[in-house]
Amino acid sequence: MTIYNCPGCLLPDNDSYCKKCLKDLFDGKKVNHILSFTRPEFDKVKRESGSRLSLSGIQLKHSLRLEKNKLVLTEENGQYILKPISSGQFENLDQVPANEHLTMQIANQVYKLNTAANGIIFFADGEPAFISRRFDVLKTGKRMLQEDFAQISERTEDTHGKNYKYDFSYEEIGELIKKFVNAYPVEIEKYFRIILFNYLFSNGDAHLKNFSLYRSEIYGDYLLTPFYDLINTSLHVPGESDLALDMFKEGFETKSYKASSKYTLPDFIEFASRLGINEKRMLKIFVEMLSGSEQVKFLINNSFLNDKLKVKYLESYNQKHKRLET
Ligand SMILES: [Zn+2]
C-alpha cells in the first residue's frame with residue numbers, strides 16, 4: 001500500500017503517519033498504516049467472537065488496542081475505534097472512511113475545532129478504514145465520565161419513540177449546555193461553530209448522540225467533549241435535509257426560511273443571538289468559519305476520496321458557503 005500523503009494529517013511527502021500524527025494517535029509509537037490482518041480475517045474473528053456488530057447510523061464500529069507497536073482487535077479496554085467500509089443501501093459506501101477522515105481533518109486543521117485524533121488505516125489486503133482514538137480513555141487507562149445529549153435530555157426510544165435522536169432542536173441543546181456547563185460563554189461558541197461547520201460541510205446526521213459533555217478532571221465541571229462522527233452525508237444520502245435537527249424549538253422559523261425552506265445567514269444570526277452570543281463575537285466567528293477555502297481545497301485534493309467524490313465534496317461546500325454569503 002504505497003501512499004504519498006500522511007494518512008493522518010494528509011500533508012504530502014509522507015509514506016506513512018508523520019511524526020506529529022504518530023504522537024497524536026499513538027503517543028509516538030511507530031505504528032504502521034497497514035494493519036497486520038486482512039478484512040476477511042477481521043470479519044472472521046468478529047463472527048467467531050460472537051460479538052454483535054453495533055450499527056450506528058450507516059457505520060460499523062470495532063475496538064482496537066495497541067500492543068507494543070501493533071493494533072489488535074479487542075472486546076475490552078479498547079483505545080481506538082475502527083470503522084471499516086460497511087455494506088448497505090447508501091451510495092458510495094466504499095468512500096465513507098475517506099469522507100469521515102477528510103471532514104474530521106478539515107474541522108481540526110482549518111477551523112481549530114477540537115476533534116478526536118484520527119486517520120486512515122489499511123487492512124493488510126489494502127482496504128481502507130477510519131480509525132480514531134477514544135478521547136474518553138485517559139493516559140492512566142481510566143475512563144472519563146461522559147454523557148451524550150440523548151442521555152442529558154433524558155430521551156430514549158422507550159420514552160420518545162424510534163425517532164428520539166432527531167426529535168429535538170439545536171436551540172434546545174444550547175439551552176442544556178447553558179444549564180449544565182459553567183464555562184457556558186466559551187463552550188457555547190464552540191457549539192455554535194460546530195453547527196455552522198456541520199452546515200457548511202453537509203453533515204446532515206448530527207443528532208443528539210453526536211454531542212456529549214464530560215466532567216473535567218481538573219475543575220470537576222462539565223465541558224463539551226471533542227467532536228466526532230463528522231462526515232459529509234450528502235455524498236451518501238443525496239437529498240438529505242441540511243441539518244439533522246431543527247435549528248429552533250417549537251417550530252419557530254425565520255422569515256427567510258419560510259420563504260425558501262433553506263437555512264441561510266439570517267437563521268444563523270438568529271440562532272447565535274438565541275444562544276447568547278453577542279454581535280461582535282458572532283461576526284468574528286462568521287468571518288473565521290467562512291474563510292479557509294484554500295486550505296479546504298488543499299485537504300480535499302490530498303484526501304483519500306476518489307476523484308469523482310473530491311469534486312462533489314468541493315461542490316457541496318461551495319454551495320453551502322454561497323448560501324451564507326448573502
Ligand atoms: Zn501527519
Side-chain angles (χ1 to χ4, degrees), residues 1-37 59 61-72 78-85 94-124 126-139 193-194 197 201 203 225-232 235 288 291-307 309-310 313-314 317:
M1 182 53 40
T2 313
I3 56 166
Y4 304 98
N5 300 331
C6 168
C9 64
L10 293 171
L11 287 184
D13 303 322
N14 286 293
D15 55 10
S16 188
Y17 298 114
C18 72
K19 256 195 174 150
K20 182 178 184 301
C21 290
L22 284 177
K23 187 168 172 282
D24 292 347
L25 271 165
F26 308 114
D27 296 329
K29 288 183 186 159
K30 286 217 166 65
V31 176
N32 200 287
H33 64 281
I34 304 171
L35 292 161
S36 57
F37 44 88
Q59 290 177 303
K61 292 180 185 176
H62 308 280
S63 284
L64 295 179
R65 196 156 42 90
L66 199 52
E67 274 183 9
K68 291 189 180 150
N69 291 355
K70 230 179 185 179
L71 287 161
V72 295
Q79 299 163 307
Y80 298 90
I81 293 168
L82 184 74
K83 295 181 180 176
I85 292 168
D94 63 326
Q95 300 292 304
V96 166
N99 179 353
E100 181 164 5
H101 174 234
L102 170 62
T103 310
M104 295 281 284
Q105 290 299 320
I106 292 173
N108 185 249
Q109 290 188 46
V110 186
Y111 300 104
K112 312 299 174 213
L113 293 162
N114 187 13
T115 56
N118 66 91
I120 286 286
I121 199 158
F122 296 87
F123 287 103
E127 188 181 303
F130 173 79
I131 184 168
S132 68
R133 186 174 186 159
R134 291 186 62 149
F135 50 77
D136 61 326
V137 180
L138 303 172
K139 288 225 164 102
R193 280 174 200 265
I194 193 71
F197 177 87
F201 290 90
N203 180 13
T225 66
F227 299 114
Y228 50 93
D229 288 357
L230 307 177
I231 183 167
N232 184 328
L235 303 187
E288 285 171 5
S291 64
S293 296
E294 284 309 310
Q295 210 186 343
V296 168
K297 262 183 241 169
F298 173 80
L299 287 172
I300 294 173
N301 277 328
N302 287 1
S303 76
F304 289 89
L305 282 176
N306 65 30
D307 288 347
L309 288 202
K310 280 180 186 175
Y313 196 105
L314 183 60
Y317 164 70

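Counting starts at 1 for both ligands and their atoms, following the listed order. We count residues from 1, following the sequence as given. It should be emphasised that the depicted structure is a prediction, and the values quoted were computed from it without experimental measurement.
Closest approach of Gln109 and Gln295 over heavy atoms only: O-NE2, 3.8 Å. The minimum heavy-atom distance linking Glu288 with Tyr111 is given by the pair O-CE2, 3.6 Å.
Classification of Lys29 and Asp27 as a salt-bridged pair fails, no side-chain N sitting under 4.0 Å from a carboxylate O. The pair Glu67-Lys70 fails the salt-bridge criterion, with no side-chain N (NZ, NE, NH1 or NH2) lying under 4.0 Å from an Asp/Glu carboxylate O.
When ring centroids are compared, Tyr17 and Phe26 come within the 6.0 Å threshold.
Around atom CG of Asp136, more than 12 heavy atoms belonging to other residues, nucleotides or ligands sit under 6.0 Å away.
Of all protein N/O/S atoms, those under 2.8 Å from the Zn ion (ligand 1) are Cys6 SG, Cys9 SG, Cys18 SG, Cys21 SG, and waters are not counted.
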